[in-house]
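Quick notes on the structure that follows.
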Amino acid sequence: MSHNAQPEEPEAVDRNGSAALTDPHPPTALPAEDYARDHRWTPAKIAIWATIALLGGLGWVMLALVRGEHVNGIWFVFASVCTYLIGYRFYSKYIQDNLVRPDDRRATPAEYAYDGKDYVPTDRRVLYGHHFAAIAGAGPLVGPVLAAQMGYLPGTIWIIVGVILAGAVQDYLVLAISTRRHGRSLGQMARDELGLVGGIAAFVATLSIMLIIVAILAMVVVNALGESAWGVFSVGLTIPIALFMGFYLRFIRPGKVMEVSAIGCAMLLAAIIGGRWVSESDWGQTLFHIDRPVLAWMIIGYGFLAAVLPVWVLLAPRDYLSTFMKVGVIVMLALAIVLVRPALQAPPLSEYASRADGPVFAGPLFPFLFVTIACGALSGFHALISSGTTPKLVEKESQTRMIGYGGMLMESFVAIMALVAAASIDRGIYFAMNSSFAATGGTAEGAAQFISSLGLTGVSVEPEVLEHTAQQVGEHSIVSRTGGAPTLALGLAGIMKRVIGGDAMMAFWYHFAIMFEALFILTAVDAGTRVARFMLSDVLGNVYQRFRDPKWTAGAWITTAVMVAGWGSILVMGVNDPLGGINTLFPLFGIANQLLAAIALSICLVVFARKGRRWTLLIIAVPMLFTAVITVYGSYLKIFSPVPAIGYWANHQMFKEALANGETSLGLAGSVEEMQTVVFNTAVQGSLSILFVVCALIVMIVAVWRTIQALRGQNLLNTEEEPVESVYYAPSGLGASPSEKALQAQWAQWLSRHPEKDFSTRGGGH
């Protein structure tokens, strides 16, 4: 049993034959008295946690209350890290003990359904990295950069408080309930818990929302690499590097993950260094200076191939690479911020915090700040991962806290680092980089004029400054490099050059950051496409059962092609959008992502209500209600707002009437063709907004009704798998306690006598 939680389920059934053993196995869970001894409060522990609380409080005071000329970036590190530690130690522990109540005597799907392929007990530290790599896409990089338009304080509060009370709670609970249900997908759990109507609405919502999520991820890559020969060459090389790593692990040195990751990282650095030489050559410019529409089609082709190839060929090795790169770069950036202590250029609250006409994205702070930041604080996409691959790999139920809750805290820290990097850039350069191509004309002179026309006090930029900055980072231009990735790269380069290399290393650090972000995002693109394929296979399997057979190649290709065509069409639409695809689509992405989070929390609400929880349901209900309010209100504005910059249909009607009146240009659209593109795009975007919110509302209404029934003692379904007695042990946290180490030693001795029970000798495992 996990810690001091009491099991609610009947005694587990032993399907492993352990009862027949004359040599019984050691305990499969740490005895309660040992757990209590390891975690008792001591004067030293009290002093440590008091210090953490004081340091975190000081960080928040400096960020929120003290007003100097500029705020120092070091306080973001202290405030966030200390708050995360307190949230994990106390709040997630409360959720574990009072809501989830894991029982380590029960076997997880990885143990009782072990097949050496999809279901494999995986070392909790390796799985933490794998899970983090899968959930951390473009969201924590892009959203905070765009939200810096409104100042640093609102975004900082939402990222840190939101993740503790909402985002990490969702990830943890979905992982916990999926682990008890054979690793079922979110859509299937919705069907089981909510019935036919709620299940269909959830399937439609999750599938359609997945399309917009993957499309936005791909668009960030296109905007980061478009017209950048250095970036295209370096990032392009990551594909053969990942393929090499896959074959290396499969055939040359199986299981040597750390070894091949070190080789891969060395090859990545060589790709970045070589990229500068290639970009400065004539042949390099000819081959790798690619326009964004062409690059979009290349990304579409890549997404299809990556999703249909076996996991070990490309997806798994890219996970290894990106995990080390992600964690390493973020820790490196945090340490650099502590050393350099950069002064933030953005104010706590900017002019656009009280306006709705921002050049980066339009709309008021409430609700658009919350849906723009999205993944850094709360992400529905994570629920698909937490109910996808991860629950099939968890060793013990108690580990879901560290992996689910702890993994999301790490993503939130990525978002904070992105916000600091963006807020440390000169505001004139920030707006020049994040305003649409149609607004700036794509030139330094046009950007300078546009920034001047904004009328912001103390915010301006000379064309020469923009040109010099582009030269510093080895690019032809930094104007209208929307999507957040280039802005984050510039901020990171500006901080890192003060630690290593000075101005001479500015270009290296910029492209290092670009490739780091592209690895982040491409991992999510191919993983997201694969998850979407599985979801569509489940749906089509209800009509033609063979679609559920993962070995049916034709079915895999058909479902992948359908999903790639869906997100690919949205990507092409965004790339060709005169209003700036990322500027108009990211709010829709944020709303869709948060609606998916509301759906996931709704399902969790029903599950735990049926398990007899009462007041602890507020842990789920409060973030669910808040998410529902901001997303439904955001959807309402995108659908019904009469302001064209905010409402899709208002914008649609304005351009449609202008065309009918014979006008040849309007606003940022400079031709009839561009005006027609806006009319089409806004119709699609407006229709998607309606679809998303209607499906989500159906799911939430059904979920609330099922919850009320459960609280009344009605319709108490138990959709968990029959409990199976575990014949396996692993520690709960990142590091093993003294008692856990002693129990591990007992298991090592027992497994030496019973090697047939050791998963690591069965062709899979760790």
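Counting from 1, the numbers follow the sequence of the chain as shown.
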**Request:** For residues F508 and R276, determine if any side-chain heavy atom of one lies less than 4.5 Å from a side-chain heavy atom of the other.
**Result:** no

**Request:** Anything under 30° is parallel, anything over 60° is perpendicular, the rest tilted; go ahead and classify F132 against Y128.
**Result:** parallel

**Prompt:** Passes side-chain contact (heavy atoms from CB on, under 4.5 Å), L269 versus F512? Steps please.
**Reply:** CA-CA 8 Å; L269 293 176; F512 176 84; 3.9 Å; yes

**Prompt:** Closest heavy-atom contact between V77 and M417?
**Reply:** CG2-CE, 3.9 Å

**Request:** Supply the atom-to-atom distance L225 CG to R481 CZ, rounded to the nearest 0.5 angstrom.
**Result:** 8.0 Å

**Request:** Just do the side-chain contact (heavy atoms from CB on, under 4.5 Å) check on I86 and W49 with the steps written out, would you?
**Result:** CA-CA 8 Å; I86 292 171; W49 282 107; 4.1 Å; yes

**Asked** What is the distance from atom OG of S80 to atom CD1 of I416, rounded to the nearest 0.5 Å?
**Response** 5.5 Å

**Prompt:** Any sub-3.5 Å donor-acceptor pair from S424's side-chain atoms to A421's backbone N or O?
**Reply:** yes

**Prompt:** Is there a donor-acceptor contact under 3.5 Å linking the side chains of E259 and Y248?
**Reply:** yes

**Request:** Assess the pair W230 and Y510: is the distance between their ring centroids shorter than 6.0 Å?
**Result:** no

**Fill in**
Between R427 and Q345, the two heavy atoms sitting closest are CD-O, 3.7 Å

**Prompt:** Taking the six-membered ring for Trp, are W158 and F370 parallel (under 30°), tilted (30 to 60°) or perpendicular (over 60°)?
**Reply:** perpendicular

**Request:** Could you tell me whether the side chain of R401 and the main chain of Y88 form a donor-acceptor pair under 3.5 Å?
**Result:** yes

**Request:** Establish, from distance only, whether the side-chain atoms of Y172 and S92 form a donor-acceptor pair under 3.5 Å.
**Result:** no

**Check: S732 main-chain N/O paired with E740 side-chain donor or acceptor under 3.5 Å** = yes

**Main-chain N/O of P623 paired with T627 side-chain donor or acceptor, under 3.5 Å** = yes

**Distance in Å, L30 CG paired with S739 OG, rounded so as to fall on 0.5 Å steps** = 5.5 Å

**Nearest-0.5 Å distance that lies between atom OG1 in T529 and atom CD1 in I213** = 11.5 Å

**Over all atoms of both residues, closest heavy-atom pair of L734 and M402** = N-SD, 3.1 Å

**Prompt:** Just wondering, do V169 and Y91 contact through their side chains at under 4.5 Å, heavy atoms?
**Reply:** yes

**Asked** Below 4.5 Å, heavy atoms only, C-beta onward: do P486 and N223 meet side chain to side chain?
**Response** no

**Message:** Run the ring-ring contact (aromatic ring centres under 6.0 Å, His included) test on F78 and W60 for me, step by step, so that the C-alpha distance in whole Å, both residues' side-chain angles and the decisive distance to 0.1 Å come before the verdict.
**Reply:** CA-CA 8 Å; F78 290 157; W60 279 111; over 10 Å; no

**Item:** Minimum heavy-atom distance G376-A415, with the two atoms named
**Value:** CA-CB, 3.7 Å

**Message:** Would you compute the distance between atom CG of L384 and atom CD1 of I135 and round it to the nearest 0.5 angstrom?
**Reply:** 12.0 Å

**Message:** Check whether Y94 forms a cation-pi arrangement with R89 (NZ or CZ under 6.0 Å from the six-membered ring centre, at most 45° off the ring normal).
**Reply:** no

**Prompt:** Can you name the residues that form a side-chain hydrogen bond (donor to acceptor under 3.5 Å, both in side chains) with E475, not counting sequence neighbours?
**Reply:** S228, H511

**Request:** For W509 and V473, run side-chain contact (heavy atoms from CB on, under 4.5 Å): C-alpha distance rounded to whole Å, both residues' side-chain angles, the deciding distance at 0.1 Å, then the answer.
**Result:** CA-CA 8 Å; W509 286 118; V473 298; over 6 Å; no

**Prompt:** Does R530 use its side chain to pair, donor to acceptor, with the backbone of A306 at less than 3.5 Å?
**Reply:** yes

**Request:** To the nearest 0.5 Å, tell me how far F413 CZ sits from F76 CZ.
**Result:** 12.0 Å

**Prompt:** Does the side-chain contact (heavy atoms from CB on, under 4.5 Å) test come out yes or no for D123 and L127, once each step is laid out?
**Reply:** CA-CA 6 Å; D123 185 280; L127 185 55; over 6 Å; no

**Message:** Any side-chain to backbone donor/acceptor pair from H39 onto Y35? Under 3.5 Å, distance only.
**Reply:** yes

**Prompt:** Taking all atoms of both residues into account, what is the closest heavy-atom pair of N593 and L378, and its distance?
**Reply:** ND2-O, 4.1 Å

**Asked** Hey, does the side chain of Q399 reach the backbone of P731 with a donor-acceptor pair shorter than 3.5 angstrom?
**Response** yes

**Item:** Any donor-acceptor pair under 3.5 Å from T372 side chain to A147 backbone
**Value:** no

**Prompt:** If you take all heavy atoms of D38 and P738, which pair is closest and at what distance?
**Reply:** OD1-CD, 3.9 Å

**Asked** Is there side-chain contact between Q96 and Y405, with at least one heavy-atom pair below 4.5 Å?
**Response** no

**Prompt:** Short question: side chain of K396, backbone of A730 - any donor-acceptor pair under 3.5 Å?
**Reply:** no

**Message:** Quiz question: by atom type and distance under 3.5 Å, do the side chains of S178 and S387 form a donor-acceptor pair?
**Reply:** no

**Prompt:** Is the backbone N or O of A79 less than 3.5 Å from a side-chain atom of Y84, with the two atoms forming a donor-acceptor pair by type?
**Reply:** no

**Complete:** side chain to side chain donor-acceptor pair (under 3.5 Å) pairs touching residues 162-171, sequence neighbours excluded, are D171-H382

